[in-house]
Amino acid sequence: MSGPSVGKTLILDWNKVPQALVGQSQVCELVLSDPRTSRRHLSLTSEGTALRVVDLRSTNGTRVGGIRITEALLEGGELIELGDSSLRVARAGELRMGAEGRERFGRVLGKSQAMQRLFAACEALSTSTLPVIIEGETGTGKELLAEAIHETGPRSAAPFIVFDCAAHDEEAQLEALFGGPRGPGALDQARGGTLVIDEIGELGMQAQSRVAALLDRGELRRVGEIEPVRANVRFIATTRDDLDRSVEQGRFREELLVHFAGARIQVPALRQRHGDVELLARHFWKLFGGAAEIPKRFLLQLARQPWPGNVQELEHAVSRATVLGEEHDIVSPTIGERDRPSDYIEHVLGMSLAMPSARQLVIREFERRFVERAVREQGGNVTRAAAASGLTRRYFHMLLAKNKQNKQE
């Protein structure tokens, strides 16, 4: 409505783009030339029938109706102010949800509205050649979704190779990925098919540069070889990290993120998938040979849990129930009810996750407890709590906001 980019529009079709970014960066779906906006200023996502606007810790802030916000739900007709620009939110009518009514996409199950939108987006992307990045918390099923995209697309008969970044140190990543004197790498193995770079946020900077160059030119240059080879691979990346923040911190190359910007998929956490716990629990109960029908009392127990480990944690809980019986103490108390630090660590260890995933859960819980105790010890004064913690006020506020969001969800 105003500013250097006046007249620009963006249609938010959640079937194609589950999350849209606004800012100066070319990664954003709505790119603004306003120098007073941040590179990634705000994000737009769907929240039921509303539009969720989240300020991404921008330098000059975001305002709705003249009030500075960190997060807001909009219904249409509002004015968003950022830098010297303003955006008008308007409804464009209901867009057709192609995957409506289905309960699965490949081996990924879900009947919630959030998963219906996800299935529609994945179905559209499966037939394209765009590099895809799948973002989401630990245990949400990112690799399983990557497999479903591969199996639904034209490369389904070709190899499906997963490259685990955490399984190699930075020096070994290049040869393991691109190949070298000791043999072919993951790219050679995936020729003609799909290569999944699992937890791409843990890829070293040199390997990131090589992958970005490969996506830019479409050619593969192996370690120790001079002549490039044409790459014939569909790229899918997964991450639990906030890559936009990693770019700002200099830990992830922006040119690599740009290549994936056209197809970013956000897998919702299980606590955001209303109605899916029962569907998944029934599926796992049958899968693990549970006797008769899954008990209703057990289903109610499952529905009340926060599931910090998401679908993977739910699967382990149901699996234990089929062996130990649903009367056994198989559903752990909520995070807030665990008093001893070792309780949560034991809980995470019992989930049988890969080490990077388990570590992320433990770190998140430690941060939550640390900031809550720091604020409590300083009588509710956040400024003093930040100083006593040895953290900047900005970072301390960010941890508080993340904790508050997790509680609301």
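The structure presented is a predicted model; accordingly, all values stated were derived computationally and were not measured.
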* Salt bridge flag under 4.0 Å for residues E47 and R52 -> yes

* To do: Compute whether any side-chain donor of one residue and acceptor of the other, for S156 and H150, lie under 3.5 angstrom apart.
  => no

* Distance-only donor-acceptor check, side chains N310 and T140, under 3.5 Å -> no

* To do: Examine the side chains of T238 and D198 and answer whether a donor and an acceptor come within less than 3.5 Å of each other.
  => yes

* Lys/Arg N to Asp/Glu carboxylate O, E78 vs R88, below 4.0 Å -> no

* Could K296 and E278 be called an ion pair, given the rule that one side-chain N must be under 4.0 Å from one carboxylate O? -> no

* Pairs touching residues 254-269 that satisfy salt bridge (Lys or Arg N to Asp or Glu O under 4.0 Å), sequence neighbours left out -> R39-E254, R40-E254, E135-R264, D244-R264, R253-E255

* Among all residues two or more places apart in sequence or in another chain, which pass the side-chain hydrogen bond (donor to acceptor under 3.5 Å, both in side chains) test with S128? -> none

* State which residues pass ring-ring contact (aromatic ring centres under 6.0 Å, His included) with H259; sequence neighbours excluded, sorted by chain then number. => none

* Asked: Just checking, any donor-acceptor pair under 3.5 angstrom between side chains of H41 and S58?
  -> yes

* When you check the side-chain N and O atoms of S246 and R251, is any donor under 3.5 Å from an acceptor? -> yes

* With a 3.5 Å cut-off and no angle check, do the side chains of N232 and R155 form a donor-acceptor pair? -> yes

